[in-house]
Q: 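Dropping a structure here in structure tokens format, bear with me for questions.
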Amino acid sequence: MKDVEFTYQRLGKNALVITCKTDFTEEVLSYILTFKEIIKKAFNNYQLEIIPVYNSITILFNHTQVTDNIINKLQELQRNINHKKADFRYNLWELPVCYDNKFGIDLNAIMAATKLSKKEIINLHTQTTYTVYGIGFLPGFLYLGEVHKSLQIQRKSKPRLKITKGAVGIAGKQTGIYPQESPGGWNIIGNCPVPLFNLSKKPPVFAKVGDQIKFKAISIHEYELLQIKVAANIFSISPVQE
Amino acid sequence: MIKVIHPGFYTTIQDKGRFNYRAFGVPVSGVMDEVSYKLLNDLLGNHDNAAALECTMVGPTILFLKATKIAITGGNMQPQLNNQPIQNNRVYLVDEGDILSFKKLKTGYRTYIGVFGGLKSEVYLESKSYYYPVTPNKTIEKDSEIEFINLNDTTVNNKIEIVTNNITELTVFKAPEFDVLSTEQIHFLETNSFTVDKNNRMAYQFKERVPKGLSSIVTSATIPGTIQLTPSGNLIILMKDAQTTGGYARIFQLTNEAIAVLAQKKMGDKITFKVVDF
């Protein structure tokens with residue numbers, strides 16, 4: 001990472017976008033997340049939000065204009081990053097997904113297109129550990145990568161007007177869960193009963209950028225039990241302990 | 001409290017917005033026209049984050065069940081109190097039983113109704129601004145009731161100077177992907193006017209296409225006022241309910257004042273861009 005360059009660009013008067021000149025990789029993400037922790041500490045007197053996603057990190061200042069001084073300070077902090085030592089902690093989450101045809105409405109189409117059996121599709125989807133590359137698009141929507149090569153299906157040319165809350169989908173290299181009902185063009189293979197965005201929890205999103213996600217296949221019966229727990233607000237998710 | 005007799009076309013409760021949850025994908029939301037909102041709260045002597053009603057195109061009909069002071073700012077929807085015309089940008093005392101209604105939209109597009117002390121509404125993630133599913137409501141509903149505090153000061157201060165004008169030029173800064181634009185595209189953007197097409201609290205779209213467009217970028221952060229250019233040449237100006245991340249090239253960033261100007265534009269209105277330095 002030593003020779004990788006970043007661009008510093010303003011987005012209006014109160015925001016700064018710092019982008020890696022190369023494409024996104026886990027190493028770039030790790031570097032960005034280390035930088036994020038450093039920025040938080042150095043600017044802890046400021047009201048700001050930091051949005052790391054893929055290969056960029058954006059700082060949004062609530063009340064402060066981004067001056068040349070601020071940019072210089074950030075560049076100096078970046079120069080001093082010990083890039084060999086990633087300084088952020090991540091969690092591994094196991095998310096239950098029911099791949100029954102009731103939920104996996106595009107499974108048949110995917111089987112026809114890839115010539116894979118349903119079992120193979122589920123195996124390929126659950127055997128990969130995905131990295132959370134960013135959070136955005138909708139409250140609680142996690143950008144997850146990367147899907148196994150054999151399962152990389154392009155998004156539908158005609159998006160659906162309504163995708164069910166919890167729907168698990170694939171679009172190219174990405175997989176993800178719709179945290180709420182929404183229009184969308186992803187190929188839907190299952191449903192996850194765990195709320196990705198939950199107003200009654202603090203913070204409302206349990207996953208962080210940099211976390212790892214694995215999916216675990218569950219039966220309809222298990223799905224329904226979890227649904228009841230979630231509805232009664234007695235369900236909570238914990239990271240997988242190493 | 002007020003009772004909603006008729007909700008109007010798209011009326012929501014808004015304050016300044018929610019600022020600490022954008023990293024979770026929660027948009028800022030909040031009032032689209034911050035200039036009119038500030039004037040509203042200044043006229044009423046309210047806190048600068050007092051919640052107001054934001055009305056779009058067709059205003060609501062509201063019954064006051066308690067006396068208070070009100071003011072209306074933003075677009076001119078020909079407000080009426082008990083069927084008598086009243087004016088924007090003035091404070092009025094209203095009594096129990098008074099009815100506020102609106103006629104046809106004359107100028108602008110969004111109108112703000114404020115009461116003394118602001119509207120009381122449930123706070124979700126540190127803001128009262130409506131945004132489903134963070135708030136259970138998308139818009140105000142017919143027959144619903146909204147509370148406000150008791151009037152303890154009946155003085156009416158109408159001494160604030162109002163300057164109205166019809167601005168069509170949007171001041172913008174260059175955004176991160178500006179340098180990818182060709183000279184021809186920059187010239188096109190700087191010399192043409194653009195006609196407002198579909199629009200809502202998430203984004204404004206325009207009828208004209210910028211020749212050749214721009215390639216998509218690796219998904220990065222976006223904020224209200226960010227102007228995207230898609231591969232097919234569409235211009236999209238993101239507004240208060242827009243997604244916090246996006247994969248389209250970001251060519252311009254509106255100033256905060258320009259966002260307020262755009263919030264008063266409706267389908268068919270024309271705007272131009274003026275690029276300024278930081």
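All values derive from a computational prediction rather than experimental measurement. Within every chain, numbering begins at 1; the chains are lettered A, B, ... in the order of the sequence lines, protein sequences first and strands thereafter.
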Q: Counting only heavy atoms from other residues, nucleotides and ligands, does the tally under 6.0 Å from NZ of A/Lys73 exceed 12?
A: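 Correct, the count exceeds 12.
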Q: Chain B heavy atoms under 4.5 Å from A/Leu48: which part of the residue, side chain, backbone, both or neither?
A: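 Contact with chain B is absent: no heavy atom of A/Leu48 under 4.5 Å.
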Q: Heavy-atom distances under 4.5 Å only: say whether B/Val172 touches chain A with side chain, backbone, both or neither.
A: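 Neither the backbone nor the side chain of B/Val172 comes within 4.5 Å of chain A.
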Q: Counting only non-hydrogen atoms closer than 4.5 Å, does B/Thr255 touch chain A with its backbone (N, CA, C, O), its side chain (CB onward), both, or neither?
A: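 Neither the backbone nor the side chain of B/Thr255 comes within 4.5 Å of chain A.
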Q: Which atoms of B/Tyr124 come close to chain A, meaning under 4.5 Å heavy atom to heavy atom: side chain ones, backbone ones, both, or neither?
A: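 B/Tyr124 touches chain A through side-chain heavy atoms alone.
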Q: Could you look at A/Leu11 and say if it's the side chain, the backbone, both or neither that has a heavy atom under 4.5 Å from chain B?
A: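 It is both, since atoms from each part get that close.
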Q: Which residue out of B/Thr244, B/Leu125, B/Asn20 racks up the most heavy-atom pairs below 4.5 Å with chain A?
A: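 So the answer, after comparing B/Thr244, B/Leu125, B/Asn20, is B/Asn20.
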Q: For the residue pair A/Phe61 and A/Phe43, does the interplanar ring angle fall in the parallel (under 30°), tilted (30 to 60°) or perpendicular (over 60°) class?
A: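 A/Phe61 vs A/Phe43 ring planes: perpendicular.
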Q: Angle class for the A/Phe137/A/Phe141 ring planes (parallel below 30°, perpendicular above 60°, tilted otherwise)?
A: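 The rings of A/Phe137 and A/Phe141 stand perpendicular, inter-plane angle above 60°.
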Q: Check whether any side-chain heavy atom of B/Ile237 lies under 4.5 Å from a side-chain heavy atom of B/Leu254, and answer yes or no.
A: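 Result yes, sub-4.5 Å side-chain heavy-atom pair found.
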Q: Do the ring planes of B/Phe273 and B/Phe194 sit parallel (below 30°), tilted (30 to 60°) or perpendicular (above 60°)?
A: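 Geometry flag for B/Phe194 against B/Phe273: tilted rings.
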Q: Select one option (side chain, backbone, both, neither) describing which atoms of B/Phe278 are under 4.5 Å from chain A's heavy atoms.
A: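 Looking at B/Phe278, just its side chain touches chain A.
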Q: Evaluate side chain to side chain donor-acceptor pair (under 3.5 Å) for B/Gln14 paired with B/Thr12, printing each intermediate quantity in order.
A: CA-CA 6 Å; B/Gln14 300 289 340; B/Thr12 58; 2.9 Å; yes
Q: Is the centre of the A/Tyr54 ring less than 6.0 Å from the centre of the A/Tyr143 ring?
A: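 Yes, close enough.
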Q: Select, from B/Pro176, B/Ala23, B/Ala175, the one with the greatest count of heavy-atom pairs under 4.5 Å involving chain A.
A: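 Heavy-atom pair counts peak at B/Pro176.
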Q: When the ring centroid of B/Phe173 is compared with that of B/Phe178, is the distance short of 6.0 Å?
A: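 Here the rings of B/Phe178 and B/Phe173 have centres that are no less than 6.0 Å from each other.
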Q: If I measure from the heavy atoms of chain B, does A/Val205 come under 4.5 Å with its side chain, its backbone, both, or neither?
A: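 For A/Val205, backbone and side chain are both near chain B.
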Q: Let me know if A/Tyr133 has heavy atoms under 4.5 Å from chain B in its side chain, its backbone, both or neither.
A: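 Contact with chain B is absent: no heavy atom of A/Tyr133 under 4.5 Å.
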Q: Counting only non-hydrogen atoms closer than 4.5 Å, does B/Tyr21 touch chain A with its backbone (N, CA, C, O), its side chain (CB onward), both, or neither?
A: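 Contact with chain A is through both the backbone and side chain of B/Tyr21.
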